[in-house]
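Everything quoted here is computed from the prediction, not taken from an experiment.
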Amino acid sequence: MKLFVTGGAGFIGSNFIRLMLNKHSDCSIINIDLLTYAGCLENLEDVSDNPRYSFIRADINDFDAMKESMKGVDAVINFAAESHVDRSIDDPSLFLKTNVFGTYTLLQAARENRIERFIQISTDEVYGSLGKEGLFSEKTPLAPNSPYSASKASADFLVRSYFKTYGFPSIITRCSNNYGPFQFPEKFIPLMITNAIEDRELPVYGDGLNIRDWIYVDDHCRAIETVLFKGKEGEVYNIGGNCEKRNIDIAKEIVARLGKSESLIKFVKDRPGHDRRYAMDSTYIKEKLGWEPKIKFEEGIELTIKWYKENKNWWQKIKSGEYREYYEKHYLNR
């Protein structure tokens, strides 16, 4: 099987590529990534010499490049996205360009190449915010509350329309909050871990009582693998970790595991339109495809903390901007 993976130099994409190359000897992968601020080729150093792996730096909005490089592939998995809510609030335009128009470009290129399967990687944030009870199911109406989630919901509707209008073989997956190795340190868990390691303040929005459903990235990648091989065209699959945690409780657990003081935790002004609670119902993917999460939060957070402690050079270069300077000098401007 030949896969066309977009956004493969990012957090989830790089972990997925590694999983597929390690588990499937008949799998080859073309990784498409523009290497914007959150894309890092160091995430895939361990597979860069694999003859079944190739990298192309390209913009998913470049139709000609997408159509040409997509020739002969069996499936497209679209991880490429601007994904940080705060950045979308500051400037929604890039999110529309990448998440909406980029998805359209990929769909059209894939359709013209008669690709056999297109998997759109989406998010639980398209559903909006939950009250104190209940779970998001695949039938929950979409009600995005940030420019980021609105752009992802728009992309989902485009993918659905290509299936309904053209019979295009597409599938949508929507996952809860991921954590694990190689996550860009602006995101909540790696930010808490790296700041705590350096005895810096841990900023927590509002009262810290916002709830998220957390999933270890390896479990998410296994779910995408399952959908790739077993998923039904035209379907939506919710992927969750069955692990609801308040932000403040995660911050406290991280400082405790690192032997730091809770005095490092500082409450800051809340994010505009901050969704209160997300929680996913993954019953459908479990019943239909046989997937369920394996890694409990206690194990996953310990593995994650251990990785960030052992890979300080990776995230310190990111935080300082050194890695970006290197890529701009040696790669990006070629």
Side-chain angles (χ1 to χ4, degrees), residues 1-60 62 65-66 69-70 73-84 98 102 106 119 121 175 178-187 189-190 194 215-225 228 300 303-304 306-334:
M1 174 177 277
K2 189 172 186 179
L3 303 181
F4 186 90
V5 176
T6 67
F11 166 46
I12 304 172
S14 62
N15 279 285
F16 176 76
I17 287 173
R18 186 175 295 104
L19 169 76
M20 294 300 294
L21 290 175
N22 289 339
K23 285 186 65 175
H24 302 280
S25 60
D26 62 342
C27 176
S28 62
I29 295 176
I30 300 171
N31 175 16
I32 302 291
D33 202 298
L34 188 57
L35 297 180
T36 54
Y37 81 96
C40 181
L41 286 179
E42 291 180 32
N43 295 358
L44 289 163
E45 275 188 339
D46 57 329
V47 302
S48 60
D49 293 330
N50 191 316
R52 294 182 287 116
Y53 169 78
S54 60
F55 172 74
I56 299 173
R57 181 175 180 251
D59 187 339
I60 61 171
D62 184 338
M66 293 302 100
S69 56
M70 204 180 284
V73 306
D74 299 299
V76 173
I77 300 95
N78 182 27
F79 291 96
E82 296 292 336
S83 66
H84 195 49
T98 301
L106 291 171
I119 299 178
I121 308 302
C175 192
N178 282 231
Y179 68 100
F182 297 105
Q183 189 170 27
F184 200 79
E186 71 182 357
K187 296 301 180 92
I189 284 181
T194 56
I215 184 171
Y216 191 66
V217 66
D218 286 1
D219 277 335
H220 184 193
C221 292
R222 283 192 310 101
I224 298 167
E225 174 195 23
L228 175 64
L303 288 170
T304 303
K306 182 175 184 290
W307 189 88
Y308 281 92
K309 287 173 69 176
E310 293 177 351
N311 291 274
K312 287 184 181 180
N313 187 54
W314 180 86
W315 55 263
Q316 285 177 339
K317 282 196 297 182
I318 287 174
K319 283 194 167 186
S320 69
E322 287 181 25
Y323 98 101
R324 178 55 39 185
E325 293 171 6
Y326 174 84
Y327 282 121
E328 286 177 350
K329 180 178 180 180
H330 296 282
Y331 194 87
L332 298 185
N333 291 330
R334 287 184 180 179

Find the distance between [atom1] ([X]) and [atom2] ([Y]) and round it off to the nearest 0.5 Å.
{"X": "Ser69", "Y": "Ile56", "atom1": "OG", "atom2": "CD1", "result": "4.5 Å"}
{"X": "Leu44", "Y": "Asn31", "atom1": "CG", "atom2": "CG", "result": "6.0 Å"}
{"X": "Asn178", "Y": "Tyr216", "atom1": "CG", "atom2": "OH", "result": "11.0 Å"}
{"X": "Ile17", "Y": "Ile30", "atom1": "CD1", "atom2": "CD1", "result": "11.0 Å"}
{"X": "Arg52", "Y": "Asp26", "atom1": "CZ", "atom2": "CG", "result": "8.0 Å"}
{"X": "Leu21", "Y": "Leu3", "atom1": "CG", "atom2": "CG", "result": "8.5 Å"}

Non-hydrogen side-chain atoms of [X] and [Y] separated by less than 4.5 Å:
{"X": "Ile60", "Y": "Thr98", "value": "yes"}
{"X": "Met20", "Y": "Leu228", "value": "yes"}
{"X": "Leu19", "Y": "Ile224", "value": "no"}
{"X": "Pro181", "Y": "Val217", "value": "yes"}
{"X": "Leu106", "Y": "Phe4", "value": "yes"}

>> Can you give me the closest heavy-atom contact between Cys175 and Ile215, atom names plus distance?
In response: SG-CG2, 3.7 Å
>> Could you report the tightest heavy-atom contact between Pro185 and Pro190, atom names first, then the distance?
In response: CA-CB, 3.9 Å
> Could you go step by step and tell me if Asn15 and His220 meet the side-chain contact (heavy atoms from CB on, under 4.5 Å) rule?
Replying inline: CA-CA 9 Å; Asn15 279 285; His220 184 193; over 6 Å; no
Checking [X] now: which residues fulfil salt bridge (charged side-chain N to carboxylate O under 4.0 Å, His left out) with it, not counting sequence neighbours?
{"X": "Asp218", "value": "none"}
{"X": "Lys2", "value": "none"}
{"X": "Asp46", "value": "Arg18"}
{"X": "Glu45", "value": "none"}

> What's the verdict on side-chain contact (heavy atoms from CB on, under 4.5 Å) for Gln183 and Tyr308, showing C-alpha distance, side-chain angles and the deciding distance?
Replying inline: CA-CA 10 Å; Gln183 189 170 27; Tyr308 281 92; 3.3 Å; yes
> Which word best sums up how the rings of Phe79 and Phe16 line up, parallel for under 30°, tilted for 30 to 60°, or perpendicular for over 60°?
Replying inline: tilted
> Going through the checks in order, is the side-chain contact (heavy atoms from CB on, under 4.5 Å) test met by Arg57 and Leu34?
Replying inline: CA-CA 5 Å; Arg57 181 175 180 251; Leu34 188 57; 4.2 Å; yes
> When the ring centroid of Trp307 is compared with that of Trp314, is the distance short of 6.0 Å?
Replying inline: yes
>> Can you list everything that forms a side-chain contact (heavy atoms from CB on, under 4.5 Å) with Lys309? Sequence neighbours excluded, please.
In response: Ile197, Leu258, Ile305
> Which is it for Ile32 and Met66 under the side-chain contact (heavy atoms from CB on, under 4.5 Å) test, yes or no, and what are the steps along the way?
Replying inline: CA-CA 9 Å; Ile32 302 291; Met66 293 302 100; 3.8 Å; yes
> Can you name the residues that form a side-chain hydrogen bond (donor to acceptor under 3.5 Å, both in side chains) with His84, not counting sequence neighbours?
Replying inline: none
